[in-house]
Amino acid sequence: MSEYKAKVLVDIIADKLIQHLAALEQLESLSKDQEVEPVEIGSHLSRLRGLRDSLIRDAERVMDLIKRGEILRGGEHSEDLYALAGYYVEGAYHTEIRILDRLGGALREDYEQIERLKKVLKEIMEELE
């Protein structure tokens with residue numbers, strides 16, 4: 001994989017994680033509002049699900065490229081990928097679980113998807129250590 005393609009992938013994942021953080025912040029704010037409509041929460045949960053699903057696909061793509069030797073430990077963008085994965089595994093994952101538990105509107109599939117994303121990102125971190 002060319003360095004340019006790896007950089008583009010890093011940028012895409014970073015952008016999606018920024019959007020993911022914003023979605024979590026919105027849901028956290030809504031979870032504290034006693035007068036919020038369930039439809040509004042549902043809309044934000046749907047957005048979060050879409051972002052999470054997209055992040056899973058991107059993370060699995062990165063993992064595939066690592067396994068094929070196209071992204072290497074110590075490569076130009078491996079530290080960026082490691083940091084992005086670590087951000088989710090060490091921080092966003094726990095925040096997301098806490099917010100969904102507080103909202104009570106999460107589905108079993110939400111938790112399964114969260115665990116899947118964490119697992120793939122943790123594998124990326126392990127491969128790039």
Side-chain angles (χ1 to χ4, degrees):
M1 170 181 246
S2 73
E3 290 302 316
Y4 174 75
K5 287 182 182 178
K7 168 100 174 81
V8 169
L9 195 50
V10 165
D11 290 345
I12 288 170
I13 292 172
D15 182 59
K16 287 178 185 173
L17 284 171
I18 289 168
Q19 292 177 50
H20 182 268
L21 175 61
L24 287 177
E25 288 173 346
Q26 288 174 329
L27 278 170
E28 184 160 36
S29 177
L30 290 174
S31 74
K32 296 174 183 176
D33 184 351
Q34 299 295 325
E35 297 179 21
V36 69
E37 294 291 325
V39 172
E40 188 174 357
I41 290 174
S43 172
H44 287 284
L45 279 173
S46 179
R47 180 172 178 253
L48 185 64
R49 287 178 185 122
L51 284 166
R52 199 183 313 119
D53 188 52
S54 183
L55 281 165
I56 289 169
R57 286 192 308 272
D58 292 337
E60 288 175 341
R61 183 174 170 210
V62 167
M63 196 62 219
D64 184 55
L65 294 170
I66 290 170
K67 287 179 180 178
R68 293 191 337 223
E70 295 184 44
I71 294 177
L72 302 172
R73 178 182 303 151
E76 185 175 348
H77 300 289
S78 64
E79 285 184 29
D80 295 333
L81 287 168
Y82 183 88
L84 291 169
Y87 157 78
Y88 186 86
V89 169
E90 300 298 329
Y93 164 82
H94 301 288
T95 301
E96 189 167 3
I97 294 287
R98 179 179 48 79
I99 291 169
L100 292 179
D101 286 348
R102 183 182 309 148
L103 286 171
L107 305 172
R108 186 185 90 248
E109 291 82 13
D110 286 312
Y111 292 102
E112 290 170 356
Q113 197 179 39
I114 291 167
E115 292 301 326
R116 182 174 166 201
L117 178 56
K118 180 185 176 189
K119 179 180 182 266
V120 175
L121 291 172
K122 193 167 186 159
E123 288 174 5
I124 289 170
M125 290 176 70
E126 290 168 358
E127 289 293 326
L128 296 178
E129 283 184 313

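Basis for what follows: all heavy atoms, side chains included, without hydrogens, waters or symmetry-related copies. Along the sequence shown, residues are numbered consecutively beginning with 1.
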Are the side chains of [X] and [Y] in touch, meaning some heavy atoms are under 4.5 Å apart?
| X | Y | answer |
| --- | --- | --- |
| Leu48 | Arg52 | yes |
| Arg49 | Leu107 | yes |
| Ile66 | Leu81 | no |
| Ile12 | Lys16 | yes |
| Leu117 | Gln113 | no |

Approximate separation, where rounding is to 0.5 Å, of [X] [atom1] and [Y] [atom2]:
| X | Y | atom1 | atom2 | answer |
| --- | --- | --- | --- | --- |
| Leu51 | Ile56 | CG | CD1 | 11.0 Å |
| Asp53 | Asp58 | CG | CG | 10.0 Å |
| Glu28 | Ile99 | CD | CD1 | 4.0 Å |
| Leu21 | Thr95 | CG | OG1 | 8.5 Å |
| Asp101 | Tyr111 | CG | OH | 3.5 Å |
| His77 | Leu84 | NE2 | CG | 12.0 Å |

Margin query: Between Glu76 and Lys7 (salt bridge meaning N to carboxylate O under 4.0 Å), is one present in this structure?
Written below: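 Salt bridge: no.
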Of all heavy-atom pairs between [X] and [Y], which one has the smallest distance, and what is that distance?
| X | Y | result |
| --- | --- | --- |
| Leu24 | Ala92 | CD1-O, 4.1 Å |
| Lys118 | Val89 | O-CG2, 3.9 Å |
| Ile41 | Leu27 | O-CD2, 4.1 Å |

Under 6.0 Å from the [atom1] atom of [X], do we count more than 12 heavy atoms belonging to anything else shown?
| X | atom1 | value |
| --- | --- | --- |
| Glu79 | CD | no |
| Glu112 | CD | yes |
| Arg116 | CZ | no |

**Prompt:** Who passes salt bridge (Lys or Arg N to Asp or Glu O under 4.0 Å) against Asp80, sequence neighbours left out?
**Reply:**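 Applying salt bridge (Lys or Arg N to Asp or Glu O under 4.0 Å) to Asp80 gives none.
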In residues 121-129, what donor-acceptor pairs under 3.5 Å come from side-chain atoms, sequence neighbours left out?
| unit_1 | atom_1 | unit_2 | atom_2 | d |
| --- | --- | --- | --- | --- |
| Glu123 | OE2 | Lys119 | NZ | 3.2 |
| Glu129 | OE2 | Tyr82 | OH | 3.4 |

Full working for side-chain contact (heavy atoms from CB on, under 4.5 Å) between Tyr88 and Leu55: CA-CA 10 Å; Tyr88 186 86; Leu55 281 165; 5.5 Å; no
State yes or no: do Tyr87 and Ile18 share one hydrophobic cluster built from I, L, V, M, F, W and Y residues joined by side-chain heavy-atom distances below 4.5 Å, directly or via other members?
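Result: no, two separate clusters.
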